[in-house]
Amino acid sequence: MVKIEFLGPIEIDDIELDIDNLKDLSIYMKQDENLKEWIDISAVAVNDKIITTPDYKLNSGDRVSILPPVCGG
Amino acid sequence: MVKIEFLGPIEIDDIELDIDNLKDLSIYMKQDENLKEWIDISAVAVNDKIITTPDYKLNSGDRVSILPPVCGG
Amino acid sequence: MELYRGGLRVNDITNRWYQDISKSNYGAFITFIGTIRDEDNIDALSFDIYEPILKSWFESWQIIANQKGAKIFMAHSIGDVKVGESSYISAVASPKRRVALELIDEFVEDFKANAPIWKYDVIASKRVYAKDRSTPMNGAGVLSGEEND
Amino acid sequence: MELYRGGLRVNDITNRWYQDISKSNYGAFITFIGTIRDEDNIDALSFDIYEPILKSWFESWQIIANQKGAKIFMAHSIGDVKVGESSYISAVASPKRRVALELIDEFVEDFKANAPIWKYDVIASKRVYAKDRSTPMNGAGVLSGEEND
């Protein structure tokens, strides 16, 4: 299982999914009215490291963070 | 008469000259061993305003300042 | 890197950083102080931070700075910060001025674009995500299948 | 613009400027602090200033800053400033960060190139003009007949 956490303004509780890659996650998010708007504009970290390759392989126990658009300062 | 003051590291006392323009001043400075090195690298102010035109007309009572290379900070 | 609940004590922080660098033969020290402006009828701004990635982001900048002989500092608020208070301070110390002037600009701009911090307007005690002023981070779009960096 | 004999009291000056701008709804405040580095066996640096032209130079920058909705500050030392002390502080306050970041860079660079201040190394109580680190001002060469700006 892979743990998914939604950061900042995405008001969705953490979930656990049985997925192998980010494409699977994207398919899951597309089906949720509250999540699909974040797909195109969010960055993704796996175990706190930003991932830039869509075919990145996920392993059981990984923690995936969804990072929506930022504005510090 | 025009008053000439040498600023910063130019260790020459103020002088008064009967000159009409900066060319006259340049000719005067060329003849002084301690002044000629400053001709090419100094800026010039007349009555505290920087002058950028060589043919600027000087009037009696004007105060000319010679400003050598700077390094504030 | 320093995180504080609420508005920053600007003088305490900047004076301490200056003290910290003043024995290290740096010739230039630049501080950037961000203050909450009175605009759009807000009472405050509020910030969420994802600390693990903010920390690694900051550390990667510290390495860049060190390679230039420089050192960077940063403080940020968590939660509500009232209008007129400061929520963000950063600073660069370097031997010579050019490195400091360039680094503070690059650092502040990348902070705005990539530090994992989310901003909310606080209006009548309600928190509203400042979506239209926010920027997708480097790597955003990876879920749409875009290779991005 | 503030001129002081000897090294600057950095915290006093920067804290006062911050206080000064903190009621005026500026979102960004950047300070640049220049410190005398320990190098070339100097004990101190020493500065001569021609105040009338420094003042008009500064005022022309204040006008440029005002046109961008910004405000600038400057303090400089006259005479000897010991290694480790500060001789120069400048600052920019502006509503938004880009103006402040660009203005502090342009202001500090033009200060270096055109502020009528002469620097001397102080070594064994002797004052030596730092000629090789100095820059001819805009307009230099006018005595050689060069039209320059």
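Reminder, nothing fancy here: chain letters follow the sequence lines and each chain counts from 1.
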If I compare all heavy atoms of [X] with all of [Y], which pair ends up nearest, and what's the gap?
{"X": "D:Met137", "Y": "B:Ala43", "value": "CB-CB, 3.9 Å"}
{"X": "B:Asp48", "Y": "D:Pro52", "value": "OD2-CB, 3.3 Å"}
{"X": "D:Gly139", "Y": "B:Thr52", "value": "CA-CG2, 4.1 Å"}

For [X], look at atom [atom1] and say whether over 12 heavy atoms of other residues, nucleotides or ligands are found less than 6.0 Å away.
{"X": "D:Asn41", "atom1": "CG", "value": "no"}
{"X": "D:Lys126", "atom1": "NZ", "value": "no"}
{"X": "D:Lys131", "atom1": "NZ", "value": "yes"}
{"X": "D:Arg9", "atom1": "CZ", "value": "no"}
{"X": "B:Asp13", "atom1": "CG", "value": "no"}
{"X": "B:Glu16", "atom1": "CD", "value": "yes"}

Side chain, backbone, both or neither: which part of [X] has a non-hydrogen atom closer than 4.5 Å to chain B?
{"X": "D:Ala115", "answer": "backbone"}
{"X": "D:Lys55", "answer": "neither"}
{"X": "D:Thr135", "answer": "both"}
{"X": "D:Phe32", "answer": "neither"}

Hey, what do you get for [atom1] ([X]) to [atom2] ([Y]), rounding to the nearest 0.5 Å?
{"X": "D:Leu143", "Y": "B:Ile51", "atom1": "CG", "atom2": "CD1", "value": "11.0 Å"}
{"X": "B:Ile10", "Y": "D:Trp118", "atom1": "CD1", "atom2": "CH2", "value": "8.5 Å"}
{"X": "D:Ser144", "Y": "B:Asp40", "atom1": "OG", "atom2": "CG", "value": "3.5 Å"}
{"X": "D:Ile117", "Y": "B:Cys71", "atom1": "CD1", "atom2": "SG", "value": "9.5 Å"}
{"X": "D:Asn138", "Y": "B:Ile50", "atom1": "CG", "atom2": "CD1", "value": "8.5 Å"}

Please report the C-alpha distance between D:Val142 and B:Leu22 in whole Å, then the side-chain angles of each, then the deciding distance to 0.1 Å, and finally whether the side chain to side chain contact (heavy atoms under 4.5 Å, CB included) criterion is met.
CA-CA 8 Å; D:Val142 69; B:Leu22 297 185; 3.9 Å; yes
Any residues in residues 25-38 of chain B near chain D, with a heavy-atom distance under 4.5 Å, and which are they?
B:Leu25, B:Ser26, B:Met29, B:Glu37, B:Trp38
Looking at D:His76 and B:Gly72, would you say the former's side chain and the latter's main chain have a donor-acceptor pair under 3.5 Å?
no
So do the side chains of B:Leu67 and D:Ile53 get within less than 4.5 Å of each other, counting heavy atoms only?
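B:Leu67 vs D:Ile53: side chains touch.
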Could you go through the side chain to side chain donor-acceptor pair (under 3.5 Å) check for B:Glu5 and D:Tyr50 one step at a time?
CA-CA 11 Å; B:Glu5 57 182 20; D:Tyr50 187 58; 3.1 Å; yes
